[in-house]
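Here is how names work: the chains are called A, B, and so on, in the same order as the sequence lines, proteins then strands, and each is numbered from 1.
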Amino acid sequence: MFVSLRLIALPPEREAEKEALAAQLQAAAASLPGVRTCWIAPVSPVAVINAGHVVWRMSFASEREALAAALVPAWRGAVSPLLGGTQVTHLGYPITRSKVVPAGGGIWRALIFRITPQGFPDGAQALEQGLLMMPGHVSTIRSWALSPVSLCEGPKAYTHVWEQEFDSLGGLTGEYMTHPVHWGHVDAFFDAECPEYIVDPQLIQVVGAIDHPIME
Amino acid sequence: MKVYILDEIVVQPGRAGEYRRAYAARYVPGAERRRMRLAGAWQTPPGQDFAELAATLFYLWEVDGIEGWWSQRMSKLPDGTDERFEKLAWWQESDQMTLSRKRRVLSDQAEIA
């Protein structure tokens, strides 16, 4: 499976349009070919970093189908006009390491980051191993995926998408943040004070409310 | 839970005094603003600096639990901007005087706490 994730930032004078834009994109996306799942939502104003205003996550059977969806007339006619005047960060990534459990609503959260060149390969591998430890220790993570970015359009060459689903925002702001596996181990790769520091500070954290699981 | 941050810094031969002065002037004031409390500082070899030998300096900081740890980690400058670039600038300056360093996060041992 291949995910196409877009984070759409509106100019300040248009921020109030985010609900309407999400609804319009939902309608436009219905005519795109190859889409297995599609979730579009206003970005939660809580616990976000550099996330823009609307998040759009689609999954496809393959990268080829994801790329093809943006080349059809329906895209040019219905989607492109809606994205005019916005800044879009687009990430494409195959789902390779994940665990998804059936559940109800809650929140979806993604941390999108770039490991700097000096972090490869050893630091990147250590960071990935640390992140992959977290679901085994943080009980509020119900579904997760750690994915290498293979396609990136936008202002920063992001390398990884670390996404999870929680029953509620409290699962992220509570146990996820307070568990020692986070602040005592994994965070060193993100902390400018640690020798392990390899993550570009211009990262993205995006959170959105979901009424059903969107990861598969 | 008590939380500590331990810096273990291996300083180039002959530069231990210079490093201690730089750490005191360039790092300690900012750390204290971030509500980190210096609980101890040690060195080895002990007793004196040897110009022929690298010295390892240890600085043990205490913070107010997990909340205090995140507070120093996510600290802001007085104007509200991220302080990480100032922190990074110090550690890059530090790197010019050192051979290696480690930063570890510690807690009390459960059986002894």
Cut-off 4.5 Å, heavy atoms of chain A, and the answer for Arg73(B) is side chain

So, the part of Met1(B) with a heavy atom under 4.5 Å from chain A: the answer is side chain

Nearest heavy-atom contact between Thr178(A) and Ile66(B) is O-CD1, 3.5 Å

Q. Centroid-to-centroid, His182(A) to Trp69(B), below 6.0 Å?
A. no

Most heavy-atom pairs under 4.5 Å with chain A, out of Lys87(B), Lys102(B), Arg101(B), Arg84(B), belong to Arg101(B)

Smallest heavy-atom separation, Ala192(A) atom then Trp91(B) atom, equals O-CD1, 4.1 Å

| Arg103(B) side chain near Glu196(A) side chain, heavy-atom distance below 4.5 Å | no

Honestly, the part of Phe190(A) sitting under 4.5 Å from a heavy atom of chain B is both

**Prompt:** More than 12 heavy atoms of other residues, nucleotides or ligands under 6.0 Å from CZ of Arg37(B): is that the case?
**Reply:** yes

Check your understanding: Just wondering, more than 12 heavy atoms not from Glu67(B) lying within 6.0 Å of its CD?
Key -> no

Could you check whether any side-chain heavy atom of Val3(B) comes within less than 4.5 Å of a side-chain heavy atom of Trp183(A), counting everything from C-beta outward? yes

CG (Leu88(B)) and SG (Cys194(A)) are apart, to the nearest 0.5 Å, by 11.5 Å

Under 4.5 Å to a heavy atom of chain A? For Trp70(B) that would be side chain

Rounded to the nearest 0.5 angstrom, the OG-CD distance for Ser75(B) and Glu193(A) is 7.5 Å

